[in-house]
Structure formats: C-alpha cells, structure tokens
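See below for the structure under consideration.
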Amino acid sequence: METYDVAVIGGGPGGYVAAIRAGQLGLKTACIERWPAASGSDVVYGGTCLNVGCIPSKALLESSHRFEEAAEEFAAHGVKVGGVKLDLATMQKRKDKIVGELTGGIRLLLKKNKVEPIAGTARLAKIGPQCEIEIGDRKIAATNVIIATGSVSRPIPAAPVDNKMIVDNIGALAFTEVPKRLCVIGAGVIGLELGSVWRRLGSEVVILEAMPEFLAATDSALAKAALREFTRQGLKISMGCKVDQAQVAGKKVKVSWSDGGKQHSDSFDRLIVAVGRIACTEGLGATEAGLKIDAAGRIEVDEHCRTAHANVYAIGDVVRGPMLAHKAEEEGVMVAELIAGQKPEVEYDCIPWVIYTHPEIAWVGRTEAQLKEAGVAYRAGSFPFIANGRAKGIGDTVGMVKILAEKESDRVVGVHMLGGNASDMIAEAVLAMEFGASAEDIARTCHAHPTLSEAVKEAALAVDGRAIHS
Ligand code: FAD
Ligand code: NAD
C-alpha cells in the first residue's frame, strides 16, 4: 500500500491549497478529487469555487455589467454605440474558457509542487496513527489526513431542483437563453449576484426571501442603501416570504408563496433555489470512521481545524465558519504548516466578505449591531462616494465607507463598504485590522488622489469628526 505524509481529500480552494503548501514543505502529498470533467474521462480540480462558484459567477457578472453599461451608460460619457446586442453563447463560452484555464492551472501547480493527483471518491477506511483511505479499488495510507470535501447547495422540499427548470447555482450559471421571467428563492449572496446577472441580461427578476430583514448579517445602513439601489435597478425583492410549492408545468414553473398572510401564485420561465449550502460528507464514511458531525452536518474541529484525532484535520466549507474560498485557503495553509511542525494561526476576525453586485458590498470585522450587543463602546465615521472625485469621474457614486473604532483605544474593529470596487478596497481594511491599526493610523496614511480609496481615509478622519471633504 502506497504511504503518504499527507492525504488531502478534495481539491477545491481548501484542499488544493493545503496540498500545494504541504508539497512546498517537502511532505509527500496526494490530493484526491472526484469532480467529473466535462469529457467524463477524468476529474477536474478547483472544486465549487472554480467550476460552479466564485470564478464562473464573476465572469458572468463582469460580462453582464459591460452589456448593461454599453446599452445604458456609455451614452452619458458621449460614447455612442447603437444597437447593443447580446450574444449569450459567446458570453458563456468566455466563462467556460476562464474556468478551463484556471482548473488546468491547478493541475500544473500540483505537479510543480510534487503533489500526486488521485481521481475518485475517497472513503476513510481507518483512522489511527496511520490512516487508510479507499479510492475505488485502490487503498492508500497516510500519516496525516486533511478533509476538504466542501459543500453542496441546500435543497428545500418545496422546490426540488432538476437543474433544467428549477436550478441551483450549477444550472443558474449555464442558462443557454435569458429567462423572460426569473424567480429566485433566497436574497442571499447567490440570489443577489446571479439575480443581478440575469436582470442585466434582460430577465424580469423576482426574489423571494424568508427573513424579514434584508442582508441581516450586513451593516444595517449599508443593507438599506443596497436594497434601495437594487430595487431601483429593477430587482423585485420581497421579504418575509414562505414558499409553499414550486411545480414545473410544461415550459413554466409555477411558484406559490405567502407573505404577511397574503397568498401569491405566479408563473416563471426558470426558478433559482439559493437558500444556503450544506457541508458535503457524502461517500466519505466520516461517522463510521469515528469523526464527530455537528447539528448542521459539519465535521467538528477546533480553532486549528483539528478533529478529535490529532492527525486528522478538516477545513473549508465542510467545517464551521463562513463558506468562503479565501477562508478555506487560509485554513489549508495553516493545517499544512501545523503538520510540518510550524505554529500558524488563522485570524478569523479578519476574514473579509464581499457581495459582487453593483455596487459591491464588502466588510470585515463587526457591525454596529454586533458591537452594541457585545457592549463595546465605539465611534463610527462614514464617507459617501458622492463626495469622492474619482467616484464622480467613474460615475459610480452610490454608497459609502464606514469605519468603526473602539472608543477608548481607537482600534479599528469593523469596516463596511458599499461601492464600486469595494472588493479590492476592503483589502486595506483587512490589513489595517490584521496590524491592529487605529482609525488615526488610516487617517494619517497618504492615499493617492484621485482614488476611491480616499473614501477610506476620509471615513477614518470622520471617526474623529474631521473629514475634509464632507
Ligand atoms: P469545495 O470548493 O466545495 O471543494 C470540495 C471538493 O471536494 C470538490 O471538488 C468535491 O468534488 C471534492 N470532494 C467531495 N467529497 C469528496 C470525496 N469523498 N472524495 C474526493 N473528492 C471529494 N466564495 C468566495 O470566497 N468568493 C466568491 O465570490 C464566491 N462565489 C461563490 C459563488 C457561488 C455560485 C457559489 C456556489 C459559491 C461561491 N463561493 C464564493 C463559495 C466558495 O465556492 C466556497 O467557499 C469554496 O469553494 C469552499 O472551498 P472548499 O475547498 O472547502 O470546498
Ligand atoms: P446565503 O446564506 O447567502 O443566503 C441564503 C438566503 O436564503 C438567506 O437570506 C436565507 O434567509 C434565505 N432562505 C433560506 N431558506 C429560505 C426559504 N425556504 N425561502 C426563502 N428564503 C430562504 O446562501 P446562498 O446565497 O445560497 O450562498 C451560499 C453560500 O455560498 C454563501 O453563504 C457564501 O458563503 C457562499 N457564496 C459566497 C459568495 C461571495 O463570497 N461573493 C458568492 C456566492 C456564494
């Protein structure tokens, strides 16, 4: 039986990054993956993120944004482009090409770092000082195991997914024509991102959300401003909805729901179900091997991603914490370094969130509501993009930057942004928080003019009531 220092199960952003780092550290490493390639003869690496998540959704978000800009905004810049037409097949091909290049790139990176790729579903056959893993007919042994099996979309009985008419993220990224009327269940990250894609391309989009509050995890002022803007753009978002049933009838999907005691029923061309994701342990044999699973179906781990067995780790979407690719990657690096005897940590308070709508929503750290609940005294400073010269030049003036700092120490404890390019701008805030910066530190840092990032400096000045431009 072939023996490895490290066997990584799953080749998404958690697994492939852990495998590469283990390879860099000189550990004999295998990475097992089962995602079927389109050709059907092999598997592809990259997991949800590269195949049906982060990357294809951002490719379509970019293309659809450009389509809408060309059709509706170029004229205001004095650029005349009459008769803008959509070529969805080309848009989808471009997306597929990007996915193919990136997944192919992971293969090369594994090779470069001497990681052995193994195709198939891994089952934990034995956990002990030397673990055993079955992949079909093959059995391998490993001194350390890293489980990175990710997540799948959460099904709901009211709307069974067939990925043709009623779809999850996989079907919603692959439509070959623009649905005239599109319903989305769930006004979360996927609902808003993919709802935006199809609205920009011409769908009438109705989003049904169960919770009474829009984006409850986000700073409430930003969530309110975002809801106003998305509604202005044409997304029809209804809160407090209970979906009773969705049924395919010929070429339509009939959806029945209620809100505030009122009953509704409507027909759509497609329905997207985006109500969250659940950990994937299917086929892994986790419980039989002796691993603990929590009430939400995730593998139980400590703050270093260790299970109750010292040489078995689990990372990424299959464990507690936000289901984000960069969180999975950080955990992958941490675990590989722990196995190599180093002392790494993941700073869980400094993991940024981004929703890639337009404007984008990005934040790191705590919201005002969370600080109030924890009894932390703080000062807040915000700066609107309408007062930022670069935002005016770009024509992207909706939104603001808000910085929250502890009252006593001035240490930054939360940064919230709604605006164009917030996904990149949030990096400055993450770095500031990682370095334990104060609002004063940011306020005294020279920011290039004219840039959107000046809004971050101004928000930091506003914490002390001394913003210059508002
Ligand atoms: P996954 O990426 O799910 O990878 C797990 C891998 O394990 C899969 O390839 C699977 O085939 C394999 N596997 C499972 N079981 C076995 C087994 N028994 N044997 C062998 N292989 C197995 N996050 C962001 O940070 N930014 C974004 O913009 C973003 N956009 C998203 C958009 C969409 C539409 C979706 C659905 C998700 C998005 N996410 C985004 C979330 C992100 O994709 C996940 O957080 C990330 O992929 C988790 O990485 P992972 O390695 O834990 O799991
Ligand atoms: P989500 O948790 O972001 O949103 C799901 C929404 O559905 C919530 O608002 C929830 O209240 C609502 N909901 C739940 N059950 C419902 C029901 N029966 N009827 C109506 N509404 C219901 O989940 P998602 O949008 O499916 O995305 C899954 C995860 O994937 C995200 O939480 C995130 O971790 C990851 N993701 C990240 C990004 C990004 O980083 N930009 C993009 C897409 C996905």
Side-chain angles (χ1 to χ4, degrees), residues 49 52-73 91 95 169 172-173 175 178-179 182-209 211 213-239 272 274-277 322-326 352-364 367 384-386 391 394-402 415-427 429 452 455:
C49 172
V52 292
C54 327
I55 296 301
S57 61
K58 268 79 243 177
L60 289 184
L61 277 157
E62 187 60 34
S63 297
S64 60
H65 181 59
R66 288 184 188 214
F67 173 71
E68 187 170 54
E69 264 194 329
E72 289 175 20
E73 287 165 35
M91 202 179 273
K95 174 207 76 183
N169 57 300
L173 288 162
F175 289 154
V178 179
L182 173 66
C183 182
V184 182
I185 308 183
V189 198
I190 294 180
L192 293 172
E193 289 186 356
L194 295 184
S196 294
V197 165
W198 295 108
R199 182 202 57 72
R200 291 169 191 169
L201 299 181
S203 295
E204 178 194 349
V205 179
V206 173
I207 305 185
L208 308 176
E209 165 60 43
M211 300 299 282
E213 196 185 339
F214 181 65
L215 290 179
T218 314
D219 174 90
S220 65
L222 264 68
K224 270 194 203 108
L227 180 59
R228 207 168 35 242
E229 175 59 15
F230 298 153
T231 306
R232 190 200 62 76
Q233 292 172 359
L235 288 178
K236 296 178 179 168
I237 304 171
S238 296
M239 309 303 297
I272 300 177
V275 295
R277 295 180 64 81
M323 289 184 166
L324 297 172
H326 42 277
W353 272 89
V354 179
I355 306 178
Y356 295 82
T357 43
H358 194 87
E360 295 176 336
I361 306 170
W363 72 94
V364 58
T367 60
F385 281 110
I386 190 82
I394 296 170
D396 232 354
T397 50
V398 173
M400 65 182 116
V401 175
K402 184 193 270 192
V415 179
H416 304 268
M417 300 179 179
L418 171 72
N421 219 27
S423 54
D424 282 316
M425 288 208 302
I426 200 68
L452 297 175

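Keep in mind that what you see is a predicted model, and the values were worked out from it rather than measured. Excluded from the calculations below are hydrogen atoms, water molecules and symmetry mates; all remaining heavy atoms, backbone and side chain alike, are included.
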Checklist entry - Under a 4.5 Å cut-off applied to non-hydrogen side-chain atoms, are Phe214 and Met239 in contact? => result yes
Checklist entry - What closest approach, in Å, do Pro359 and Val398 show between heavy atoms, and which atom pair accounts for it? => result CG-CG1, 4.0 Å
Checklist entry - How long is the span from the CG atom in Asp396 to the CD1 atom in Ile386, to the nearest 0.5 Å? => result 10.5 Å
Checklist outcome for this item: In short, Ala217 meets Thr367 closest at the heavy-atom pair O-CG2, 3.7 Å
Checklist entry - In Å, rounded to the nearest 0.5 Å, how long is the span from NZ of Lys95 to CD1 of Ile55? => result 12.5 Å
Checklist entry - Any sub-3.5 Å donor-acceptor pair from Ser203's side-chain atoms to Pro179's backbone N or O? => result yes
Checklist entry - With Glu62, which residues qualify under side-chain hydrogen bond (donor to acceptor under 3.5 Å, both in side chains), at least two apart? => result Arg66
Item to check | Exceeds 12 heavy-atom contacts within 6.0 angstrom, atom NZ of Lys58 | outcome: yes
Checklist entry - Below 4.5 Å, heavy atoms only, C-beta onward: do Leu215 and Leu192 meet side chain to side chain? => result yes
Item to check | Residue from Ser63, Ser57, Ser64 passing side-chain contact (heavy atoms from CB on, under 4.5 Å) with Val197 | outcome: Ser64
Item to check | Closest non-hydrogen atom pair, Ala429 against Val364 | outcome: CB-CG1, 3.9 Å
Checklist entry - Could you go step by step and tell me if Glu229 and Thr357 meet the side-chain contact (heavy atoms from CB on, under 4.5 Å) rule? => result CA-CA 10 Å; Glu229 175 59 15; Thr357 43; over 6 Å; no
Checklist entry - How long is the span from the CZ atom in Phe385 to the CE atom in Met417, to the nearest 0.5 Å? => result 7.0 Å
Item to check | Separation of Leu208 CG from Ile237 CD1 (nearest 0.5 Å) | outcome: 10.5 Å
Checklist outcome for this item: Rounding to 0.5 Å, atoms CG (Leu227) and OG1 (Thr218) come to a distance of 11.0 Å
Item to check | Distance, nearest 0.5 Å, that separates CG of Leu222 from CE of Met400 | outcome: 4.5 Å
Next on the checklist: Tell me the closest heavy-atom pair linking Leu235 and Ser196, and the distance in Å.
Outcome noted: CD1-OG, 4.1 Å
Next on the checklist: Here's a test for you: under side-chain contact (heavy atoms from CB on, under 4.5 Å), which of Ile361, Val354, Ile355 qualifies with Ser423?
Outcome noted: Val354
Checklist entry - Phe175 vs Trp198 aromatic rings, parallel, tilted or perpendicular, using cut-offs 30° and 60°? => result tilted
Item to check | Heavy-atom closest contact (Ala225 atom, Leu418 atom, distance) | outcome: CB-CD2, 3.6 Å
Item to check | Arg232 vs Arg228, side-chain contact (heavy atoms from CB on, under 4.5 Å): CA-CA, chis, key distance, verdict | outcome: CA-CA 6 Å; Arg232 190 200 62 76; Arg228 207 168 35 242; over 6 Å; no
Item to check | Considering all heavy atoms, the nearest Ala172-Leu194 contact | outcome: CB-CD1, 3.8 Å
Item to check | Main-chain N/O of Asp219 paired to Lys402 side chain as donor or acceptor, under 3.5 Å | outcome: no
Next on the checklist: Is there a side-chain contact (heavy atoms from CB on, under 4.5 Å) between Glu360 and Met425? Walk through the geometry before answering.
Outcome noted: CA-CA 10 Å; Glu360 295 176 336; Met425 288 208 302; over 6 Å; no
Next on the checklist: Please determine whether side-chain contact (heavy atoms from CB on, under 4.5 Å) holds for the pair Arg200 and Gln233, giving the CA-CA distance in whole Å, both sets of side-chain angles, and the decisive distance to 0.1 Å.
Outcome noted: CA-CA 9 Å; Arg200 291 169 191 169; Gln233 292 172 359; 5.7 Å; no
